[in-house]
Amino acid sequence: MSAPTRLIAHLDMDAFYASVELLRYPQLRGQPVVIGGGRAHQPVTGPDGELRFATLRSYAGRGVITTATYEARAFGVHSALSSAIARRRCPDAVFVHGDHAFYSQVSGQIMELFRTFTPLVEPLSLDEAFLDVSGARRLMGEGAEIAARLRAQVLDEVGLTCSVGVAPSKFLAKLASEEAKPTATPRGPVFGTGVHEVRPGDELAFLHPLDVSALWGVGPKTLAKLKNMGVSTVGDLAALPLDPLVAAVGRAHGEHLYALSHAVDDRPVVPDLAPKSVSHEVTFPEDLTDVDDLHREVLRLADSVATRLRRAGLRSRTISVKVRYPDRETVTRARTLEQSTDRSRTIVEVADELLFGLPVHRGVRLLGVAAGNFTEGSEQLSLDLFGSDDAGQGVDGAPAADWDAAYDAVDAIRERFGSRSVGPATLAGRADRPGESPWGPGQEPDQADGQTRGNHG
DNA sequence: TCTGGGGTCCTTATGCTG
DNA sequence: TCTGCAGCATAAGGACCC
Ligand SMILES: Nc1ccn([C@H]2C[C@H](O)[C@@H](COP(=O)(O)OP(=O)(O)OP(=O)(O)O)O2)c(=O)n1
Ligand SMILES: [Mg+2]
């Protein structure tokens with residue numbers, strides 16, 4: 001007996017970060033808008049009381065576009081595009097700095113809404129989730145009908161549009177949602193269908209004409225290898241025997257692609273996935289060479305990782321440091337501890353040692369700290385003794401001696417009260433530095449650092 | 001002035017233990 | 001005792017995704 005056909009929905013918000021910004025700045029609707037990294041830049045209120053937005057023209061930092069409205073996409077601007085190139089393509093696009101905390105909050109609302117349909121919700125990112133709606137059929141009708149209801153309710157309750165794919169498996173549902181997306185044209189965005197269903201029996205007819213690069217896991221490297229083997233569509237891939245495929249792209253990847261090309265995908269929708277790592281990294285506006293700067297930065301990053309571990313009730317056994325040199329060579333160094341920890345002091349010390357085992361005299365373009373290898377069990381109670389909402393940021397500028405004292409104090413408090421949420425920044429207070437701005441001469445508006453925090457269940 | 005930051009999973013090499 | 005090997009943990013690098 002084969003298992004009954006599942007009904008999987010994949011929901012993917014349209015131009016997510018940008019659409020969320022349009023919720024609070026509706027006057028930007030219809031314009032090309034891009035979201036980028038760099039430092040905080042929300043609009044400033046001008047003398048006339050009107051909000052003034054920055055444009056790409058005035059942006060001068062290192063960084064990429066995280067997403068763009070469909071109006072901006074018509075100019076060839078898209079996710080992961082260097083801001084420098086984006087500026088050339090669309091200098092008049094409104095530039096808004098990403099506010100991760102805000103998107104995360106909106107994402108939470110959306111995921112909760114999904115859970116009113118089924119508990120089987122697997123978030124893939126802030127703006128995307130799989131739902132196993134197999135059980136909802138009797139109650140709510142056919143696949144396309146359920147999808148339309150979900151979409152309507154997201155629009156109604158959150159005010160955002162999304163695209164929904166419905167299919168018998170996860171990867172087909174994901175490809176189907178792509179099919180339902182709006183498109184960008186020089187004359188403006190064109191609505192998509194919003195919902196696309198791939199019905200049992202139609203799988204291969206839908207799948208085989210698609211470009212292989214549409215498959216999840218086929219990036220530039222794999223695409224080049226497949227092109228070499230004469231593969232350009234998923235149908236071409238399906239015509240390939242397993243062995244040469246595995247020889248070309250490796251065992252796991254080859255078997256995976258082989259199965260997908262034949263529309264075989266049994267992966268279940270898994271809610272409540274536990275995170276496997278927590279990291280924080282920065283690319284500096286200018287490469288760092290000063291040793292004191294490096295000590296300070298690694299402390300800041302490590303402390304913020306530690307703070308997030310505590311808030312999440314996680315304890316890590318492996319700490320790693322990542323360095324990108326000015327020539328973009330990237331190395332990582334890791335150490336596994338005998339005992340797992342969530343202590344700032346420990347993580348900072350380990351990270352600092354790992355960093356200074358490297359030839360940092362070469363200069364440092366990027367520095368990162370990550371914690372992984374989490375130990376099981378015991379969710380920790382989060383006792384927020386000091387209202388330390390900002391602990392983990394704002395380490396900048398405090399002299400090292402203060403930090404030593406702060407860590408000792410924090411550790412003492414933690415031992416006495418078992419708090420998991422007191423960071424040294426809470427105790428040390430903050431000496432806000434001006435901070436280098438990617439913005440040209442003039443005001444550097446608000447600083448909110450839209451940083452951190454993957455949501456993942 | 002090209003080329004982010006948050007993640008996941010896989011591969012390969014290497015050391016340790018039985 | 002020597003060697004091979006299985007199995008596991010760790011470290012480092014890379015490909016990929018949103
Ligand atoms: N390289 C990327 C890709 C995406 N994102 C962020 C910004 C996106 O808004 C969000 C969702 O990614 P999507 O690929 O779903 O892209 P969008 O939702 O922006 O557009 P759409 O889904 O309509 O194509 O993730 C990012 O930071 N970096
Ligand atoms: Mg999206």
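Any value given below was found using the heavy atoms of this structure, including those in side chains, with hydrogens, waters and symmetry copies removed. Within every chain, numbering begins at 1; the chains are lettered A, B, ... in the order of the sequence lines, protein sequences first and strands thereafter.
Atoms NE2 (H97(A)) and P (dG5(B)) sit 10 Å apart, rounded to a whole Å. Remark: P of dG6(B) and CG of L367(A) are 11 Å apart, rounded to the nearest angstrom. Atoms CG (D287(A)) and C1' (dG4(B)) sit 15 Å apart, rounded to a whole Å. Here dG5(B) presents its C1' atom at 15 Å from CD of E297(A), a figure rounded to the nearest Å. R267(A) has its CZ atom 16 Å from the P atom of dT8(B), to the nearest Å. Rounded to whole Å, atom P of dT3(B) lies 9 Å from atom OH of Y59(A). Atom pair Y103(A):OH and dG5(B):P shows a separation of 16 Å (rounding to whole Å applied).
Distance alone, capped at 3.5 Å, is enough to place a donor-acceptor pair between the D236(A) side chain and the T233(A) backbone. The backbone N or O of L215(A) sits nowhere less than 3.5 Å from a side-chain atom of K174(A) that would complete a donor-acceptor pair.
Residue pairs meeting the ring pair (Phe, Tyr, Trp, His ring centres under 6.0 Å) criterion with at least one member in residues 281-313 of chain A, sequence neighbours excluded, are H295(A)-F356(A).
Contacts of I65(A) with the nucleic acid, taken as non-hydrogen atoms under 4.0 Å apart, are absent. In this structure, R335(A) reaches the sugar-phosphate backbone alone: every heavy-atom distance under 4.0 Å involves primed, P, OP1 or OP2 atoms, never a base.
Contact check, H280(A) against dG6(B): a side-chain N or O comes under 4.0 Å of OP1 or OP2. Put simply, S279(A) has a side-chain N or O that comes within less than 4.0 Å of OP1 or OP2 on dG7(B). Of the side-chain N and O atoms in R317(A), one or more sit less than 4.0 angstrom from OP1 or OP2 of dT10(C). Not one side-chain nitrogen or oxygen of R88(A) sits closer than 4.0 Å to the OP1 or OP2 atom of dC2(B). Between T318(A) and dT10(C) there is no side-chain N or O to OP1 or OP2 distance below 4.0 Å.
For R308(A), the side-chain atoms get nearest to dG6(B) when compared with the rest of dG6(B), dC2(B), dT8(B). Among the nucleotides dG5(B), dA12(C), dT8(B), the one closest to the side chain of L366(A) is dG5(B). Side-chain proximity of T336(A) to the nucleotides dT10(C), dT11(B), dG4(B) is greatest for dT10(C). Side-chain atoms of R328(A) lie closest to dG4(B) of the nucleotides dT11(B), dG7(B), dG4(B).
Between R362(A) and E329(A) a salt bridge is recorded (basic side-chain N to carboxylate O distance below 4.0 Å).
Comparing A252(A) and E281(A) by the nucleotide of DNA chain B that holds the closest heavy atom to each, the one mapping nearer the 5' end is E281(A).
The OG atom of S125(A) lies 8.0 Å from the CZ atom of F16(A); values are rounded to the nearest 0.5 Å. In this structure, the separation between NE2 on H256(A) and CG on D265(A) is 7.0 Å, given to the nearest 0.5 Å.
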For every nucleotide of nucleotides 13-18 of chain C, 5' to 3': is a protein heavy atom under 4.0 Å from its base (B), only from its sugar-phosphate (S), or from neither (-)? S-SSSS

Run L301(A) and V305(A) through side chain to side chain contact (heavy atoms under 4.5 Å, CB included) and show every step you take. CA-CA 6 Å; L301(A) 296 167; V305(A) 165; 5.7 Å; no

